[in-house]
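Remember, predicted model here, so these are calculated numbers, not experimental data. Numbers here simply count residues along the sequence, with the first being 1.
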Amino acid sequence: MKRIHSLIITGFFGLTSLAQAEAELPTREEMWTIIQKQQQQIEVLQALVESNQQAVSKTASQLATTQSESSEVEIMAKNNAKALVSTQAQLEATTLAVENSGTNASHGWWNKTSIGGYGELHANIYENADNSIDFHRFVLFVNHDFNDWISLYSELEIEHSLAGDGKPGEVELEQAFIRMDLNGRFSLDTGLFLMPVGILNETHEPNTFYGVERNLVEKNIIPTTWWEAGVKGTYSWENGMTLEGGVTSGLNRADGKIRSGRQKVAKAKFEETALSARVKYTGIPGLQLAASVFYQADLAQGDDSVDYSGLLSTFHIDYSKGGFGLRALYAGWNLSGDISTQAEEQTGYYIEPSYQWSLGEHVGDLGVYARVSSYDFYTGSKLSGNT
């Protein structure tokens with residue numbers, strides 16, 4: 001069976017949620033109109049007061065003989081002055097309400113919550129086989145900043161469009177963790193998160209890699225997409241060096257078939273924890289160098305019939321400058337104990353040069369790439385791979 005053509009249609013969306021101000025407060029435009037009208041009233045009242053003052057001055061000689069007229073003028077001047085003071089007080093109160101409304105709105109929870117996501121529609125055309133079209137993934141992100149150092153990150157995914165008994169799809173919670181930025185350099189993640197291994201496992205949106213499907217080294221050797229539950233700490237230096245380490249749940253597979261050992265934290269067996277670490281360097285613009293390890297003392301999670309350990313080691317380089325890009329990755333498992341000799345070493349690598357042109361804001365980018373890869377992974381009965 002030979003695939004002769006593959007097509008992917010992807011979609012991205014993102015927004016920051018906004019909420020309306022309280023219903024009883026007018027909009028800023030309405031408030032500005034009110035202020036202008038009040039300013040006009042103030043100017044009219046000021047002119048009226050000045051006119052009254054002039055009238056009082058002109059009729060000063062008449063006040064001695066016409067006491068009643070003098071009283072009326074005095075009362076009118078006092079009333080006008082009181083009206084002017086009242087209007088000024090209303091203007092100050094209105095201005096303060098506008099300022100307070102803007103301050104409250106800028107600190108509302110809606111300005112600390114972001115929603116985003118992406119989708120993938122795959123069309124696969126084969127020779128001597130049935131063609132297929134599949135809405136492979138639909139993913140929603142919901143993130144929220146509780147304050148300046150505690151944040152929530154979550155990701156909900158629907159695979160293959162339809163989930164349920166006898167249906168091809170799944171509904172998965174791929175990420176749900178709290179991040180605490182403790183001092184600007186050190187952060188702590190706790191919850192359910194993607195494992196810090198390889199290039200694609202943490203960043204696998206469809207415009208971040210070439211091809212319709214993910215490369216087979218990061219699918220079968222590194223079982224992308226792979227997440228666990230636990231605690232992970234990250235420390236960053238100013239020179240671009242980052243060190244990560246975590247204690248998490250682990251895989252569960254008695255026969256050494258790594259990809260099938262993912263439990264996805266769904267009532268996962270938790271007889272054995274796992275340790276992971278990664279060192280990453282991004283101190284040169286466009287360059288990322290990283291190496292990671294994952295170790296689990298018992299990949300069978302306490303199964304009495306088998307006892308074996310697993311160590312995954314990875315190294316990668318990801319470099320881009322201008323339109324040129326280069327990716328290279330190595331990943332390998334070393335299994336030790338009660339396991340088939342064919343499964344003891346499962347390794348793979350690929351080298352991927354590429355070039356990308358920008359075709360404009362409305363068109364997007366056009367890229368070409370070539371990939372050379374070699375891998376051997378255990379299927380449960382034998383090694384399978386290619387060169």
Side-chain angles (χ1 to χ4, degrees), residues 14 112-118 137-147 149-159 170-206 208-209 214 218-219 221-236 242-252 258-259 261-270 272-280 282 288 290-296 299 301 310-314 316 318 329 331:
K112 299 180 180 181
T113 302
S114 59
I115 302 174
Y118 68 93
R137 295 179 181 88
F138 182 78
V139 181
L140 283 175
F141 306 128
V142 179
N143 303 331
H144 179 72
D145 296 328
F146 295 102
N147 49 43
W149 68 284
I150 301 178
S151 301
L152 166 71
Y153 296 87
S154 68
E155 182 176 342
L156 185 66
E157 177 175 341
I158 301 176
E159 290 197 347
E170 295 179 339
V171 178
E172 300 175 331
L173 185 62
E174 194 165 297
Q175 295 189 81
F177 66 91
I178 295 292
R179 172 165 293 170
M180 293 171 283
D181 292 316
L182 300 178
N183 62 8
R185 291 189 179 182
F186 179 72
S187 65
L188 195 66
D189 297 346
T190 178
L192 186 153
F193 48 81
L194 295 164
M195 299 301 291
V197 292
I199 298 176
L200 298 186
N201 195 60
E202 289 183 298
T203 307
H204 48 260
E205 289 75 15
T208 62
F209 63 90
R214 300 164 185 174
E218 293 193 83
K219 177 181 178 181
I221 308 299
I222 301 174
T224 304
T225 306
W226 177 20
W227 61 87
E228 299 289 354
V231 179
K232 181 184 71 171
T234 302
Y235 190 89
S236 301
T242 301
L243 179 63
E244 300 171 75
V247 180
T248 66
S249 56
L251 302 171
N252 180 20
I258 296 299
R259 185 170 179 81
R262 298 176 302 166
Q263 302 188 85
K264 300 187 177 182
V265 200
K267 292 187 176 181
K269 198 171 182 180
F270 193 46
E272 186 68 39
T273 58
L275 304 175
S276 62
R278 176 172 66 181
V279 58
K280 182 169 63 175
T282 56
Q288 181 185 111
S292 65
V293 293
F294 171 88
Y295 177 75
Q296 187 173 329
L299 285 170
Q301 291 287 351
L311 174 66
L312 170 66
S313 303
T314 76
H316 75 259
D318 188 358
L329 178 140

Taking ring pair (Phe, Tyr, Trp, His ring centres under 6.0 Å) as the definition, give me every residue that meets it alongside F146, ordered by chain and number, with sequence neighbours left out.
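Here the qualifying residues are H144.
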Could you go step by step and tell me if N252 and L299 meet the side chain to side chain contact (heavy atoms under 4.5 Å, CB included) rule?
CA-CA 5 Å; N252 180 20; L299 285 170; over 6 Å; no
Distance, nearest 0.5 Å, that separates [atom1] of [X] from [atom2] of [Y]:
X: T234; Y: E244; atom1: OG1; atom2: CD; answer: 4.0 Å
X: L243; Y: S236; atom1: CG; atom2: OG; answer: 9.0 Å
X: E174; Y: E155; atom1: CD; atom2: CD; answer: 4.0 Å
X: F141; Y: L156; atom1: CZ; atom2: CG; answer: 11.0 Å
X: N201; Y: I222; atom1: CG; atom2: CD1; answer: 7.0 Å
X: Q175; Y: L173; atom1: CD; atom2: CG; answer: 9.0 Å

Counting the benzene-type ring for Trp, do F294 and W226 have ring centres under 6.0 Å apart?
yes
Would the distance check show the side chain of R259 and the main-chain N or O of K219 forming a donor-acceptor pair, the cut-off being under 3.5 Å?
yes
Measure from the side-chain N and O atoms of D181 to the backbone N and O of G184, and report whether any donor-acceptor pair falls under 3.5 Å.
no
Side chains of [X] and [Y]: do they bring a donor and an acceptor to under 3.5 Å?
X: T314; Y: S292; result: yes
X: T225; Y: R214; result: yes
X: T224; Y: E218; result: no
X: Q288; Y: H316; result: yes

Nearest atoms (heavy-atom pairs only) where G250 meets Q263
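Closest approach of G250 to Q263, heavy atoms only: O-NE2, 2.8 Å.
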Apply side chain to side chain contact (heavy atoms under 4.5 Å, CB included) to the pair V265 and S249, showing each step before the final yes or no.
CA-CA 8 Å; V265 200; S249 56; 4.3 Å; yes
Taking only Lys NZ, Arg NE, NH1 and NH2, and the carboxylate oxygens of Asp or Glu, determine whether R137 and E205 approach each other closer than 4.0 Å.
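No, this pair does not count.
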Go through it in stages, so that I can follow the logic: the residues are W149 and L182, the test is side chain to side chain contact (heavy atoms under 4.5 Å, CB included), and I'd like the CA-CA distance, side-chain angles, deciding distance and then a yes or no.
CA-CA 7 Å; W149 68 284; L182 300 178; 3.8 Å; yes
Residues that K264 engages under salt bridge (charged side-chain N to carboxylate O under 4.0 Å, His left out), provided they are two or more places apart
E170, E172
Would you mind reporting whether [Y] and [X] have side-chain heavy atoms less than 4.5 Å apart?
X: T248; Y: T273; result: no
X: L251; Y: E228; result: yes
X: F138; Y: E157; result: no

Stepwise side chain to side chain contact (heavy atoms under 4.5 Å, CB included) test for L152 and N143:
CA-CA 5 Å; L152 166 71; N143 303 331; over 6 Å; no
Name the atoms and distances for all side-chain donor-acceptor pairs under 3.5 Å in residues 185-198, with sequence neighbours left out.
unit_1 : atom_1 : unit_2 : atom_2 : d
R185   : NH2    : E238   : OE2    : 2.8
D189   : OD1    : R179   : NE     : 2.8
D189   : OD2    : R179   : NH2    : 2.9

Within 6.0 Å of NZ in K280, more than 12 heavy atoms from elsewhere:
yes
